[in-house]
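Pasting a structure below so you can have a look.
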Amino acid sequence: MNIISVIQEGVINAVKAVYGADIDSKQVSMNVTRKEFEGDYTVVVFPFSKIARKKPEAIAEDLGKHIVEHVAEISDFNVIKGFLNLSIGSEFWSEFLNAATVDPDFGIHPSNGKKVMVEFSSPNTNKPLHLGHIRNILLGWSCSKILQAAGYEVIKTQIVNNRGIAICKSMLSWKKFANGATPENSGIKGDRMVGDYYVMFTKKYEEEYLSWQQTEKAIEVYNEKKKEGQEKEAFFKGYKNDYFNEYSELGKEAKEMLLKWENNDPDTLELWKTMNSWVLEGFDKTYAKLGVDFDKLYFESDTYLLGKEIIEKGLEKGILTKEDKRVFIDLETKGLGRKTVIKSDGTSTYTSQDLGTAQLRWNDYGTEKMVYVVGDEQISHFQGVFEILKKLGEPYADGLYHLAYGMVDLPTGRMKTREGTVVDADDLIAEVIEESRQNAKERGELHEMSKEEQEEIIRNIGLAALKFFIIKVHPKKRMTFNPKESVDLQGQTGPYVQNAYVRIQSILRKAAGKADLEKSKLYKDYESLEKDLLNQIYQYPALVKSAAEDYDPSSIANYCYNIAKTFHKFYHDHSILKAESEEAKAFRLKLAKMVGRVLKAAMSLLGIEMPERM
RNA sequence: GGCUCCGUGGCUUAAUGGAUAAAGCAUCUGACUACGAAUCAGAAGAUUGGAGGUUCGAGUCCUCCCGGAGUCACCA
């Protein structure tokens with residue numbers, strides 16, 4: 001039985017016995033005892049002062065005495081103000097450590113029979129992945145692992161946004177300017193190549209727009225549509241989209257291409273397929289570098305027409321309203337305004353696609369939960385989608401969750417494609433690995449290994465730095481990504497946690513076969529750091545559960561750091577291999593091993609691997 | 001303007017309504033003849049944006065204000 005429940009029950013019984021009052025476990029306020037005080041768990045007794053009509057100190061004394069007498073696990077107590085600090089006996093900890101040691105699934109919850117789909121990454125196929133995607137991918141991957149550890153069957157998915165005008169822009173640009181260049185004959189990674197042509201389109205379009213602004217037609221438009229006193233420059237800045245649709249040659253060609261695509265023109269489709277495959281190959285390489293994969297891909301080209309069926313259903317039920325061809329839902333009461341599902345030209349929207357895709361996924365997998373890892377700029381969009389599905393009474397509607405994470409800023413401000421400040425994912429990964437390599441070289445710990453082993457470790461450490469740096473921030477928060485700090489290998493970082501693990505492995509290698517771990521049971525007089533470690537290990541399974549409930553990988557990252565920190569201090573203050581006694585040595589080996597196991601398991605939930613040496 | 005989110009030492013972050021607000025970076029000072037110094041210890045650094053309120057108790061909950069961001073499309 002969980003020690004927290006044991007204590008809560010003890011308190012409930014004590015209150016009943018001493019004051020004759022009935023309380024429930026919700027009224028028992030408990031925390032882990034703060035470091036500066038003696039004890040393991042603290043019960044706050046202020047809430048009982050009305051029942052007992054005594055001073056908090058006296059109440060704590062009453063309850064403490066009763067609990068020590070009646071609860072076997074509690075060995076001692078002390079009272080400071082209204083706080084009752086309880087100490088857990090070494091028997092309990094000893095049993096816990098032994099049980100955890102032999103439990104191969106420690107921290108992994110048994111299957112709950114439920115399925116959850118996690119969607120993340122979901123890039124457009126017209127440019128390479130960037131820093132923003134990295135946050136998205138790491139959060140999505142980590143949530144998947146956490147949900148899995150919490151007992152769910154997880155299906156990792158993404159929707160590949162592979163159609164639409166943006167895709168046609170890069171296709172058109174390639175056709176016009178590439179002279180048949182391919183990733184193979186140019187040696188450029190596929191996604192980057194396509195992205196380069198997308199950028200080139202934008203550049204050529206800007207040039208075209210600029211020279212158009214000098215024409216008589218442009219002056220005419222300006223005079224006709226400008227607002228009072230609006231300068232030319234300001235007007236044309238705002239007119240860009242209209243220009244694309246009304247007058248642009250490139251715009252016209254791109255739109256024609258989109259039309260051809262929609263009408264299944266063979267040449268267009270072939271070009272589209274070819275360029276898409278280049279991008280997807282490129283993405284796969286980046287995913288592989290990050291160590292992530294997916295169970296199922298959905299392509300927008302297959303889903304963008306979905307939703308008709310569900311919209312029909314909505315119309316029948318009177319949830320959606322039809323006005324000419326346009327279909328919308330009035331969510332004014334929810335503060336979401338009117339959400340259009342079908343445009344007045346009869347074409348679908350992003351919203352209808354998402355409705356249809358949700359339906360499709362439910363049909364494919366029957367997942368009770370669907371988690372969308374998408375930036376917080378789309379909060380209201382998802383509120384709309386979810387609301388519609390709820391009103392339709394879809395069976396999966398209550399399990400929909402938008403994990404809305406904050407945008408990633410640079411120290412110089414927001415990333416902007418136009419200003420060329422977007423941090424490319426591949427470049428960033430290469431950079432952190434290079435930093436790790438420099439560091440490894442200086443330390444020279446790895447020189448006895450093969451080149452391959454060295455590279456593997458170096459890569460591991462660099463990625464750990466990057467991943468930890470991003471995941472430690474609460475998803476909801478907008479974060480500043482400082483490239484300098486992200487490659488830090490010291491302090492509150494991934495490599496710091498890895499180092500704790502490596503130290504443990506080093507000790508275990510040295511002690512292999514030389515210690516009788518059975519003797520650990522004779523060790524009773526725990527050091528306070530030993531208790532801290534035991535307590536932290538003890539928290540782990542519950543932490544996994546709450547991280548899954550909150551979709552919060554940052555809580556796991558913080559946990560990893562804290563337990564690593566405690567271990568580093570313990571390692572510094574107490575010798576393991578040269579412990580005071582054989583019992584102490586056995587106990588500490590067992591403890592260290594368990595710390596290592598938990599660290600490795602917890603970090604793997606963040607997608608971070610642990611090297612054996614570094 | 002309406003709605004949503006965020007405001008914590010110089011910087012980046014942490015804190016189920018509980019004790020003296022906790023770490024890292026940067027700065028300064030110590031500890032390698034050591035189970036691995038990617039470590040540890042210490043110093044300095046904070047009226048938790050501001051004002052009220054609820055509570056025995058508020059960084060946390062409520063109200064108002066200030067600052068920042070997002071969104072308010074028949075775009076995705």
Side-chain angles (χ1 to χ4, degrees), chain A residues 29-37 42 44 46-47 49-50 56 80-83 85 124 161 163-166 241 300 304 323 325-328 334-347 349-351 353-354 375-381 383 404 406-407 409 411 414 436 439-440 442-443 445 461 465 469 472-474 476-482 484-485 488-500 502-511 546 550 554-555 557-558 561-562 564-565 567-569 571-579 585 588-589 592 613-614:
Chain A
S29 166
M30 271 181 58
N31 343 37
V32 173
T33 303
R34 299 178 59 141
K35 267 186 256 163
E36 57 267 41
F37 303 105
T42 296
V44 187
F46 290 105
S49 50
K50 272 179 197 155
I80 295 166
K81 293 201 252 177
F83 299 94
N85 300 319
N124 297 328
N161 298 299
R163 63 161 286 283
I165 193 72
N241 265 333
E300 195 196 2
Y304 81 111
E323 219 176 60
K325 280 186 180 173
R326 181 192 179 200
V327 179
F328 65 89
K334 298 266 172 186
L336 296 170
R338 284 184 168 189
K339 213 93 189 136
T340 298
V341 175
I342 299 289
K343 293 184 237 173
S344 52
D345 64 0
T347 57
T349 65
Y350 190 36
T351 305
Q353 267 184 61
D354 271 356
D376 61 8
E377 58 202 349
Q378 295 194 35
I379 287 176
S380 59
H381 164 72
Q383 281 175 337
M407 299 287 103
D409 286 326
R414 207 171 172 176
S436 165
N439 244 279
E442 279 169 32
R443 284 170 215 283
E445 297 273 355
I461 296 169
F469 183 79
K472 74 176 181 187
V473 180
H474 193 281
K476 208 164 68 175
K477 281 199 168 183
R478 199 179 177 97
M479 74 175 288
T480 308
F481 183 86
N482 187 328
K484 265 196 196 126
E485 287 175 15
D488 260 353
L489 309 175
Q490 280 155 31
Q492 193 174 12
T493 66
Y496 174 97
V497 180
Q498 289 179 319
N499 186 227
V502 165
R503 282 177 146 184
I504 291 168
Q505 301 319 305
S506 173
I507 290 171
L508 294 178
R509 278 194 299 271
K510 289 203 165 80
S546 74
D550 301 338
S554 72
S555 62
N558 284 308
Y561 173 69
N562 285 327
K565 187 174 168 60
F567 181 80
H568 276 307
K569 184 165 171 52
Y571 177 92
H572 179 267
D573 290 357
H574 306 283
S575 182
I576 295 170
L577 293 176
K578 290 177 196 155
K585 181 176 164 183
R588 285 175 189 170
L589 280 169
R613 296 167 203 264
M614 65 192 287

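Below, chains carry the letters A, B, ... as their sequence lines are ordered, and counting in each starts from 1. Predicted model, so just to flag it, every value in this text is computed and none were measured.
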Exercise. Quantified in whole Å, what is the C1' atom distance between nucleotide B:C61 and nucleotide B:U48?
Worked result: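 It works out to 16 Å between them.
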Exercise. Given atom CG of A:N562 and atom P of B:U13, what is their separation to the nearest angstrom?
Worked result: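 Atom-to-atom, A:N562 to B:U13, this comes out as 17 Å.
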Exercise. Does A:Y496 make a side-chain N or O approach to OP1 or OP2 of B:C25 shorter than 4.0 Å?
Worked result: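 Checking A:Y496 against B:C25: no side-chain N or O falls below 4.0 Å of OP1 or OP2.
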Problem set entry | Earlier contact from the 5' end, RNA chain B, for A:I80 and A:I461 |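 Nearest nucleotide further toward 5': that of A:I80.
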Exercise. Taking O4'-C1'-N9-C4 for purines and O4'-C1'-N1-C2 for pyrimidines, is B:C56 syn (within 90° of 0) or anti?
Worked result: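 Judged by the O4'-C1' to base torsion, B:C56 sits in anti, the angle falling more than 90° away from 0.
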Problem set entry | Interatomic distance where NE2 belongs to A:H474 and C1' belongs to B:C6 [whole Å] |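 These atoms are roughly 12 Å apart.
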Exercise. Distance check: side-chain N/O of A:R478 vs OP1/OP2 of B:C6, anything under 4.0 Å?
Worked result: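 Result: no.
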For this session: Would you indicate what A:K325 reaches in the nucleic acid, counting non-hydrogen atoms under 4.0 angstrom: base, sugar-phosphate, or nothing?
Result: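 Since no nucleic acid heavy atom lies under 4.0 Å of A:K325, the category is nothing.
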Exercise. Does any donor-acceptor pair link the side chain of A:N85 with the base of B:A19 at a separation under 3.5 Å?
Worked result: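 Per atom types, the contact qualifies.
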Exercise. How many Å lie between CZ on A:R34 and P on B:A15, as a whole number?
Worked result: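 Distance, rounded to whole Å: 14 Å.
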For this session: Ignoring backbone atoms, establish whether A:T340 has a side-chain N or O less than 4.0 Å from OP1 or OP2 of B:A73.
Result: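 No, no such contact exists.
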Problem set entry | From CA spacing to verdict: ring-ring contact (aromatic ring centres under 6.0 Å, His included), A:F481, A:F469 | CA-CA 9 Å; A:F481 183 86; A:F469 183 79; 5.5 Å; yes
Exercise. Which is true for A:R503 with a 4.0 Å heavy-atom rule: it touches a base, it touches only sugar-phosphate, or it touches nothing?
Worked result: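 If one applies the 4.0 Å heavy-atom cut-off, A:R503 turns out to touch the sugar-phosphate alone, with no base involved.
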For this session: Kindly say whether the aromatic ring centers of A:Y350 and A:Y304 come within a distance under 6.0 Å.
Result: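 They do not qualify: ring centres at least 6.0 Å apart.
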Exercise. Starting at CD of A:Q383 and ending at C1' of B:G70, how long is that distance when rounded to a whole Å?
Worked result: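 Computing the A:Q383:CD to B:G70:C1' distance gives 12 Å.
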